[in-house]
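Below is one structure, written out as structure tokens, with a few remarks after it.
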Amino acid sequence: MTVEKYALVDCNNFYVSCERVFNPKLAGKPVVVLSNNDGCVVARSNEAKAIGVKMGVPYFKVAHLEKEQGLIARSSNYPLYGDMSARVMRILSQYAPRQEVYSIDECFLLVGGMSEFENTAREIRATVQQSLGLPICVGIAPTKTLAKLSNAVAKSTGSLGGVFDYASVSETKQTRILRAIPVRDVWGVGRKLAEKFIAMGITTALDLRESDAEQMGKQFSVVTKRTITELRGTPCVGMEAMGEARKHIVSSRSFGRAVYTLEELEEAVTAYASKACEKLRRDQSVAGEISVVIRTSAYADDSFAQSGEVVFDSATDDTMVIVRHAMQALRDAYKPGYAYQKAGVTLGRVTPREGRQISLFSQPEQNEKSEKMMKALDAANAKWGRGTIFLAGEGVEKSWKMKAEHKSPAYTSSWLELPRVRTY
DNA sequence: TCTGGGGTCCTAGGACCC
DNA sequence: TCTGGGGTCCTAGGACCC
């Protein structure tokens with residue numbers, strides 16, 4: 001019988017590491033990458049962690065560290081991170097029969113039948129460092145939940161050299177490891193659950209492992225029961241199939257300043273809906289419904305949010321049709337007199353394009369025409385860069401656009417922004 | 001002054017049906 | 001005024017993830 005074995009490979013401080021690849025001056029310094037709109041800290045170098053910058057903190061609260069401690073902030077550059085991610089994942093995929101890309105910076109590998117994956121993991125680590133300049137860590141264990149924890153151990157214990165195999169240590173040692181991990185740090189235990197667990201006296205990963213799985217399952221949910229079972233070494237969360245299309249597609253952004261008028265909201269929502277449609281077509285899907293949300297700052301005392309929805313007669317991927325529905329949904333939601341800070345568009349009832357239901361009332365010529373138009377639009381934007389062709393409704397000034405004041409160039413995905421190499 | 005964005009899954013409860 | 005029981009489906013909302 002083969003024992004299940006999972007490896008979780010995770011890039012260290014991924015966004016910061018990507019920035020450092022193209023800007024070596026950032027090495028060894030406290031660096032953070034900010035969320036869209038330069039709002040919150042979403043990635044930190046070890047040096048930034050060391051001077052006390054917390055994950056998710058609003059940047060204005062730590063900006064004083066620029067002067068005091070030499071903290072460096074970068075705006076997020078998702079085209080760069082996405083491209084680097086694809087390169088890492090391609091390399092990793094070569095080392096195991098099955099790969100599940102779990103997020104932009106981590107993936108699971110199913111390494112069940114492979115003996116001694118630990119050595120392979122070290123080789124992977126060296127390869128990624130050598131070819132991309134990105135540091136990674138690998139956790140290996142009989143379940144995904146334990147692989148996540150093992151990865152954290154690999155990351156926090158310098159002497160391990162970035163790789164830790166849970167099964168390679170004694171049960172006593174395993175118990176000691178779990179005792180040192182706060183229950184909040186277990187995969188699947190969020191803030192709310194952690195509060196409840198702690199109130200029950202379950203404060204560590206070990207406490208959770210030793211709790212009554214049946215009883216906890218009844219009291220909370222099957223998710224909790226699965227987590228407990230996985231902590232005991234019995235896998236219940238398998239590998240997800242790759243390439244399944246999303247069921248919802250969201251495009252939302254905060255504005256760089258407050259927005260009051262319907263006209264400006266129309267521009268923003270047109271832009272967001274167009275972007276969602278691009279994702280939709282890339283997935284080879286069609287959508288049957290759109291909802292538009294507009295909101296004021298969530299942190300204001302009188303915060304206000306309203307949404308509108310439109311269900312389509314037939315599912316479509318046509319930007320112009322969808323934008324028209326989006327405008328309807330927006331007008332349903334809009335109330336004058338508010339300082340809007342954010343708008344978002346969600347496409348719902350998303351299904352594969354193949355085998356979709358065509359409305360009884362639509363004309364085939366119409367469909368063909370729209371298909372050609374969308375193909376041309378996507379091709380132009382792929383060739384000459386996003387935003388080469390866009391609907392006039394997006395507006396040209398876009399004065400509501402988000403802030404990105406510390407942005408690095410799109411080194412790997414735009415011909416105009418390639419890094420320059422100087423020789424002497 | 002300044003607080004992200006994009007997903008998934010699970011559950012409870014209502015609607016509806018026989 | 002009295003007034004069954006059980007099943008399914010759908011949706012909204014909550015919790016989680018990175």
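Note that the structure is a prediction, hence the values are computed from the model and not measured. Chain A is the first sequence line, chain B the second, and so forth, proteins listed ahead of strands; every chain is numbered from 1.
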Strictly under 3.5 Å: I want the nitrogen or oxygen pairs between protein and nucleotides 2-4 of chain B, one per line.
unit_1: dG4(B); atom_1: O4'; unit_2: Ser35(A); atom_2: OG; d: 2.8

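- Spacing between atom CD1 of Ile249(A) and atom C1' of dG5(B) amounts to 14 Å, rounded to whole angstrom units.
- A pairwise comparison of heavy atoms in Leu92(A) and Cys107(A) identifies CD1-SG, 3.6 Å as the closest pair.
- Near DNA chain C, meaning a heavy atom under 4.0 Å away, the residues from residues 188-195 of chain A are Gly188(A), Val189(A), Gly190(A), Arg191(A), Lys192(A), Leu193(A).
- For the pair Lys148(A) and Glu106(A), the salt-bridge criterion is met [side-chain N within less than 4.0 Å of a carboxylate O].
- A salt bridge links Glu371(A) with Arg353(A): the closest approach of a Lys/Arg side-chain nitrogen to an acidic carboxylate oxygen falls below 4.0 angstrom.
- Ionic pairing of Arg122(A) and Glu118(A) is present here: one or more N-O contacts between side-chain nitrogen and carboxylate oxygen are shorter than 4.0 angstrom.
- Spacing between dG4(C) and dC16(B) at atom C1', rounded to whole Å, works out to 16 Å.
- Cation-pi contact between Lys398(A) and Phe390(A): present, with separation from the ring centre below 6.0 Å and deviation from the ring axis of at most 45°.
- As rounded to whole Å, 15 Å separates atom C1' of dT8(B) from atom CG of Asp283(A).
- Between Phe164(A) and Ile177(A), the closest side-chain pair of non-hydrogen atoms falls below 4.5 Å.
- Distance Lys225(A) NZ to dC9(B) P: 20 Å, rounded to the nearest Å.
- Taking all atoms of both residues into account, the shortest heavy-atom contact from Arg125(A) to Gly162(A) is NE-CA, 3.6 Å.
- In this view, Gln94(A) satisfies the side chain to side chain donor-acceptor pair (under 3.5 Å) rule with no residue, not counting sequence neighbours.
- Position along DNA chain B of the nearest nucleotide to Ala245(A) versus Phe255(A) favours Phe255(A) as the more 5'-ward residue.
- Salt bridge Lys155(A)/Asp10(A): present, at least one basic N to carboxylate O contact under 4.0 Å.
- Ion pairing between Asp283(A) and Lys279(A) fails under the 4.0 Å rule for side-chain N and carboxylate O.
- Listed by residue number, there are no residues of residues 63-76 of chain A with a heavy-atom contact under 4.0 Å to DNA chain B.
- In this structure, NZ of Lys155(A) is placed 10 Å from P of dC18(C), rounded to the nearest angstrom.
- Here Val186(A) lies in heavy-atom contact (under 4.0 Å) with sugar-phosphate atoms only.
- In this model, the phosphate group of dC18(C) is approached by a side-chain N or O of Lys148(A) to a distance below 4.0 Å at OP1 or OP2.
- Thr346(A) pairs in a side chain to side chain contact (heavy atoms under 4.5 Å, CB included) with only one of the listed residues (Val250(A), Ile249(A), Val293(A)), which is Val250(A).
- Here the side chain of Glu4(A) pairs no donor or acceptor atom with the backbone of Gly112(A) at under 3.5 angstrom.
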If you write DNA chain C from 5' to 3' in dot-bracket form, with Watson-Crick or G-U pairs under 3.5 Å, [ ] for crossing pairs and | for pairs with another strand, what do you get?
....||||||||||||||
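- The separation between Gln219(A) atom CD and dA15(C) atom C1' is 16 Å, rounded to whole Å.
- Atom pair Lys275(A):NZ and dG5(B):P shows a separation of 10 Å (rounding to whole Å applied).
- For Glu240(A) and dT8(B), the CD to C1' distance is 9 Å, given to the nearest whole Å.
- Aromatic ring centres of Phe117(A) and Tyr95(A): separated by at least 6.0 Å.
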Pair Leu149(A)-Leu231(A), side chain to side chain contact (heavy atoms under 4.5 Å, CB included): steps then yes or no
CA-CA 10 Å; Leu149(A) 291 181; Leu231(A) 284 174; 3.8 Å; yes
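- With respect to Glu47(A) and Arg20(A), a salt bridge is recorded, a charged nitrogen being found less than 4.0 Å from a carboxylate O.
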Might you list the N or O atoms of the protein lying below 3.5 Å from N or O atoms in nucleotides 10-12 of chain B, with each pair's distance?
unit_1: dC10(B); atom_1: OP1; unit_2: Arg226(A); atom_2: NH2; d: 2.8
unit_1: dT11(B); atom_1: OP1; unit_2: Val222(A); atom_2: N; d: 3.4

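- Lys247(A) places its NZ atom 15 Å from the C1' atom of dG6(B), with the value rounded to the nearest Å.
- In this structure, Arg257(A) pairs ionically with Glu264(A), as a charged nitrogen and a carboxylate oxygen lie closer than 4.0 Å.
- The cationic atom of Lys144(A) (NZ for Lys, CZ for Arg) lies less than 6.0 Å from the six-membered ring centre of Phe108(A) and within 45° of the ring axis.
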